[in-house]
Amino acid sequence: MKTRDQHNAPASDDDVVAGRVRIFDTSLRDGEQAPGFSMDRRAKLRMAQQLEALGVDVLEAGFPQASPDDFAAVAQIAGALQATTVCALARCQDGDIDSAARALEAARHSRIHLFLSTSPLHREHKLGMSKAQVLDTAVHAIERARGLCHEVEFSAEDALRTEPDFLVEVFSAAVAAGASTLNAPDTVGYTTPTEIVELFEYLRRHVVGAERVVFSSHCHDDLGMAVANSLAAVGAGARQVECTINGIGERAGNAALEEVVMALKVRAPHFGVDTRIDTRQLYPTSRLLAELTGQAVPRNKAIVGANAFAHESGIHQHGMLKHRGTYEIMRPQDVGIAETSLVMGKHSGRAALRQRLQALGHRPDDAALDEIFGRFKALADHGRELHDEDLDALALGHDPHA
Ligand code: KIV
Ligand code: ZN
């Protein structure tokens with residue numbers, strides 16, 4: 001097994017400046033863990049290459065101890081990526097740590113992500129461990145992992161339901177043992193933006209060695225607040241956000257990467273931080289994941305859903321034809337979508353119909369437009385979207401459905 005010194009690129013957190021948030025993608029681990037989203041080795045590798053093109057800083061490739069196939073997938077991804085830190089998940093157990101390290105051997109930048117529950121509920125009912133045992137277990141695991149990869153992340157599972165003073169104790173011990181990223185997961189999606197701000201501010205004030213490490217958020221979406229909570233954590237000093245493409249993940253999912261990234265970009269003056277994501281790759285990445293998993297993206301999904309840049313109502317279409325800023329706060333091209341679509345349906349108005357007919361080469365005068373509009377509404381009232389070929393037929397005086 002390689003030791004840290006034998007890897008070809010040394011670990012470095014020096015590039016983490018106050019104004020940049022690292023994007024840690026866990027689509028291939030937490031996302032893939034959810035029912036309906038499992039991917040085979042080839043699919044995971046294809047997805048990992050696309051995530052590298054997207055520009056994620058850290059890619060969690062899997063949980064090597066979970067299965068031989070997951071081990072092989074992590075090893076293959078570790079050997080294939082160039083610029084992205086490849087991360088493998090491990091429980092605080094020697095076997096897990098050693099197999100994560102072996103799977104990461106070929107990585108140019110490797111990270112072992114250790115996790116251990118810290119909340120009273122998990123300590124008592126899941127681990128059967130005292131506080132002291134949790135502390136010792138975490139420290140031993142971090143010390144072991146530290147020599148086997150470039151960097152170690154420690155996650156206090158169920159952090160948001162952990163006593164804050166115990167969390168400070170565990171995190172301070174984790175820093176002393178060699179962890180460079182401290183992750184406070186909202187494992188069950190229970191927290192609120194106000195609460196997570198309080199916790200991150202408290203941790204940054206009290207953890208010994210806080211200034212040497214990166215604090216990270218990892219929010220689940222059980223109450224639909226994963227993205228809001230992640231952004232709140234960034235406002236309180238988190239400089240890594242763990243998230244997934246299309247928000248896939250355990251139960252209701254994880255914070256959606258595309259939403260976090262575009263919120264930070266569109267509201268840059270508000271947040272004052274940036275990411276290294278090439279946002280034009282967001283839509284292609286979302287489509288690729290949908291294709292590889294066979295799980296469609298909901299039409300109304302923010303940023304990447306089919307309706308995200310589509311307008312059907314006459315009032316909105318009229319506004320968009322005058323100035324796109326009336327009903328869009330970002331350009332579709334910025335997320336990799338070719339253009340805004342004005343969908344021709346029963347809510348559409350004359351202005352959009354005229355514009356679309358003109359784009360198709362028709363030049364109806366006002367009277368002809370009135371007549372076409374009447375027939376268009378009669379058809380669209382049946383709830384159907386009318387496509388260009390339907391509009392061509394209407395303009396030529398034919399019934400497209402005859
Ligand atoms: O949700 C969670 O707590 C996790 C940890 C393994 C980080 O996914
Ligand atoms: Zn999780």
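In this chain, numbering begins with 1 at the start of the sequence shown. In each ligand, atom 1 is the first atom listed, and ligand 1 is the first ligand listed.
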- prompt: Relative to each other, are the rings of Phe154 and Phe171 parallel, tilted or perpendicular (30° and 60° limits)?
  reply: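 Perpendicular.
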
message: Ring-plane angle category for His150 and His109, please: parallel below 30°, perpendicular beyond 60°, tilted otherwise.
response: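 The arrangement is tilted - the two ring planes meet at 30° to 60°.
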
query: the Zn ion (ligand 2) as vertex, arms to NE2 of His218 and NE2 of His220: angle to 10°?
result: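 It comes to 100°.
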
task: Would you check if the Zn ion (ligand 2) lies under 2.8 Å from any N, O or S atom of Glu250?
output: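 So Glu250 does not bind the Zn ion (ligand 2) by this criterion.
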
task: Considering only NZ, NE, NH1 and NH2 on the basic side and carboxylate oxygens on the acidic side, decide whether Arg384 and Asp390 come within less than 4.0 Å.
output: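 A salt bridge links Arg384 with Asp390.
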
task: State whether Lys301 and Glu258 are salt-bridged, where the test is any N-O pair (Lys NZ or Arg NE/NH1/NH2 against Asp/Glu carboxylate O) under 4.0 Å.
output: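 Result for this pair is yes, salt bridge flagged.
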
- prompt: Can you tell me if Asp94 and His140 form a side-chain donor-acceptor pair at under 3.5 Å?
  reply: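 Distance-only check passes for Asp94 and His140.
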
query: With distance as the sole criterion, is a donor-acceptor pair present between the side chains of Ser155 and His113 under 3.5 Å?
result: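 Checked: Ser155/His113 side chains pair up, N/O donor to acceptor below 3.5 Å.
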
query: Taking only heavy atoms of Phe115, which atoms of ligand 1 are found under 4.0 Å from at least one of them?
result: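 Taking each heavy atom of Phe115 in turn, ligand 1 has 6 (C) under 4.0 Å.
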
- prompt: Considering only heavy atoms of Ser155, which atoms of ligand 1 have at least one such atom less than 4.0 Å away?
  reply: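 Those of ligand 1 that fall under 4.0 Å from Ser155 are 7 (C).
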
field: Nearest protein heavy atom with distance in Å, relative to atom 3 (O) of ligand 1
entry: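 That would be Thr187 OG1, 2.7 Å.
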
- request: Tell me which protein heavy atom sits closest to atom 4 (C) of ligand 1, plus the residue, atom name and distance to 0.1 Å.
  value: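 Closest protein heavy atom to atom 4 (C) of ligand 1: His218 NE2, 3.5 Å.
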
- prompt: For Asp30, what is the atom name of its N, O or S atom nearest to the Zn ion (ligand 2)?
  reply: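 For Asp30, the N, O or S atom at the smallest distance from the Zn ion (ligand 2) is OD2.
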
Part of His113 with heavy atoms under 4.0 Å of ligand 1, whether side chain, backbone, both or neither: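 Just the side chain.
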
field: Nearest atoms (heavy-atom pairs only) where Arg123 meets Ser117
entry: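 Reported closest heavy-atom pair: CG-O, 4.5 Å.
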
field: Of the listed options Glu60, Arg29, His220, Glu157, closest to atom 8 (O) of ligand 1 (non-hydrogen atoms)
entry: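 The nearest heavy atom belongs to Arg29.
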
